[in-house]
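To keep things clear, I will list the structure first and then write my remarks on it.
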Protein chains: 2
Amino acid sequence: METVERLIRSTQELLWERGYVGTSPKAIQAAADAGQGSMYHHFSGKAALARAAIERSGTELRAAADEQLNTPGTATDRITRYLERDRDVLRGCQVGRLAADPEVIADPELRAPVDETLAWLRGRLAEVIAEGKDNGEFAATVDPQRLAATIAAVLQGGYVLARAAGSPEPFEQAVQGLLELVKA
Amino acid sequence: METVERLIRSTQELLWERGYVGTSPKAIQAAADAGQGSMYHHFSGKAALARAAIERSGTELRAAADEQLNTPGTATDRITRYLERDRDVLRGCQVGRLAADPEVIADPELRAPVDETLAWLRGRLAEVIAEGKDNGEFAATVDPQRLAATIAAVLQGGYVLARAAGSPEPFEQAVQGLLELVKA
DNA sequence: GTCTATATGCAGATAGAC
DNA sequence: GTCTATCTGCATATAGAC
């Protein structure tokens, strides 16, 4: 694999695990098996490399969500598939995780790809919900935007509860609790 | 205020904003207006001080939740009051925030108070939901543990979405979306 | 493109004086 | 209890050789 690619992927991994504040250029270089000079040749610094890595993670998140949301079946089926898909729960969400990082939130260049990715997710879920409403799956009173935010929040919050507990169980409970409400 | 107290409160603030990885002893000392020697006289190091600060934050979270959950009214009323209470949404949850920190999660001494606090919250919500079931407010099929996890996840995830968006709006949408489901 | 040298300051303490 | 001195190593680069 090429150096730039190794740098981006290593940065993605480190940001996922340790956040921006907890990730050093030195750690990135070691993980990517790249020298100091090499890293600074390809990127102006830690922030520029992080930006590239976060954008990549956003692209990956969208593709992964579409894998379940763009399937045949009712809206409820597709949302259920999305919620119940295999996840490494204790790792959390590689994009949502960055919302906890003060330097990501403070830097518009770093926050933008996080914002855009999660906004896209809510929008995509809202589209699926709206389709379900059109088919009479959901009550006419259901607000797609709100329900989409609730679904995305259950996932992001489920990760928080699971990591705190050291077990995927609270994540799974939260998802099943949501599905019981949605299907009731 | 006494030195120990200032150290604990300053550490709470810094952990809330920057996490454990992003908080240095030096920053704590500056915020607490305490010297190096003073801090190391009262605490064996950063981890011990963080432990005390996280326990304090856990106590505060419980008290704040009970303020709404231990009120008169139906279970739904009390949960609604809890969900809708005034929050500094963009700051997030001082306890849940730590679930993102790799060193908190890796150290049993630091993870324990985070785990216990969020487990307590889920348990307390489950009690309220069980009371609501007994009064016929919720369907007999509702599982209190699961619904409690869903509610806690919506809050924690709502913070994530709001911080990413730079606006409280997704948090509020997620909460209202949940309440619409619960009250339907 | 990649490497090594160099630089300032912070991280996270320990030691001993006052 | 608090202060200052001291220590090792990392953070985050920049400069210039190869």
Side-chain angles (χ1 to χ4, degrees), chain A residues 1-56 97-98 100-111, chain B residues 1-56 97-98 100-111:
Chain A
M1 209 189 307
E2 277 150 47
T3 302
V4 170
E5 186 65 17
R6 288 201 316 278
L7 284 166
I8 290 175
R9 295 198 191 177
S10 297
T11 304
Q12 283 184 277
E13 293 298 311
L14 284 161
L15 289 180
W16 195 346
E17 193 179 324
R18 304 192 45 86
Y20 183 78
V21 160
T23 296
S24 68
K26 187 172 189 172
I28 293 169
Q29 292 150 26
D33 196 26
Q36 191 111 317
S38 187
M39 187 194 115
Y40 283 101
H41 172 74
H42 294 293
F43 295 93
S44 65
K46 175 178 162 177
L49 181 43
R51 165 94 200 211
I54 297 171
E55 280 172 350
R56 178 72 67 84
R97 190 258 175 269
L98 297 168
D101 197 295
E103 298 190 9
V104 169
I105 293 312
D107 182 345
E109 295 286 304
L110 295 178
R111 186 170 67 77
Chain B
M1 208 189 310
E2 280 154 42
T3 303
V4 170
E5 186 65 16
R6 289 201 317 277
L7 284 166
I8 290 176
R9 295 198 192 177
S10 298
T11 305
Q12 283 184 277
E13 293 299 310
L14 283 161
L15 288 180
W16 194 346
E17 192 178 324
R18 304 193 44 86
Y20 182 78
V21 159
T23 297
S24 69
K26 186 170 190 173
I28 293 169
Q29 293 150 26
D33 195 27
Q36 190 111 318
S38 187
M39 185 193 119
Y40 282 101
H41 172 73
H42 294 292
F43 295 94
S44 64
K46 175 178 161 177
L49 181 43
R51 166 93 200 213
I54 298 171
E55 281 172 350
R56 177 72 66 87
R97 188 260 175 269
L98 297 168
D101 198 295
E103 298 189 8
V104 170
I105 292 312
D107 182 344
E109 296 285 305
L110 295 179
R111 185 170 68 76

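Chain letters run A, B, ... following the sequence lines, proteins first, then strands; residues in each count from 1.
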Compare every heavy atom of B:Leu15 with every heavy atom of B:Leu98, then report the nearest pair and how far apart it is.
-> CD2-O, 4.0 Å
Using residues 49-56 of chain B as the side-chain source, report each donor-acceptor pair under 3.5 Å to any protein atom, sequence neighbours left out, with the distance given to one decimal.
residue	atom	partner	partner atom	Å
B:Arg51	NE	B:Glu55	OE2	2.7
B:Arg51	NE	B:Glu109	O	3.4
B:Arg51	NH1	B:Glu109	O	2.9
B:Arg51	NH1	B:Glu109	OE1	3.3
B:Arg51	NH2	B:Glu55	OE2	2.7
B:Arg56	NH1	B:Glu5	OE2	2.9
B:Arg56	NH2	B:Glu5	OE1	3.1

About how many Å separate CD of A:Glu13 and OG1 of A:Thr23, when rounded to the nearest 0.5 Å?
-> 11.0 Å
Length of the CG-P vector between B:Leu49 and C:dG12, whole Å | 12 Å
To the nearest 0.5 Å, what is the distance between NZ (A:Lys46) and CG (A:Leu110)?
-> 9.5 Å
Minimum-distance pair of heavy atoms, taken over all atoms of B:Tyr20 and B:Asp101 | N-OD2, 2.7 Å
What is the minimum heavy-atom distance between A:Thr11 and A:Ile28, and which atoms define it?
-> OG1-CG2, 3.4 Å
Whole-Å distance, B:Phe43 CZ to C:dA13 P, equals 14 Å
Any salt bridge (charged side-chain N to carboxylate O under 4.0 Å, His left out) involving residues 17-31 of chain B? Give me the pairs, sequence neighbours left out, ordered by first then second residue.
-> A:Glu103-B:Arg18
Send over the distance from B:Asp107 CG to C:dG12 P, rounded to a whole Å.
-> 14 Å
Walking along DNA chain D from 5' to 3', note the first and the last nucleotide with an atom under 4.0 Å from a heavy atom of chain A, and give both.
-> D:dC10 to D:dT14
Residues from residues 12-40 of chain B sitting under 4.0 Å of DNA chain D, heavy atoms only?
-> B:Gly35, B:Gly37, B:Ser38
Who are the side-chain contact (heavy atoms from CB on, under 4.5 Å) partners of B:Ala32, not counting sequence neighbours?
-> B:Arg6, B:Leu7, B:Ser10, B:Ala34
Which atom names give the shortest non-hydrogen contact between B:Gly35 and B:Gln29, and what distance separates them?
-> O-CG, 4.0 Å
State the CD-CD1 distance between A:Glu2 and A:Ile8, to the nearest 0.5 angstrom.
-> 11.0 Å
Would you mind reading off the bend of the helix from C:dG1-D:dC18 to C:dC18-D:dG1 from its two end axes, five pairs each, to 10 degrees?
-> 0°
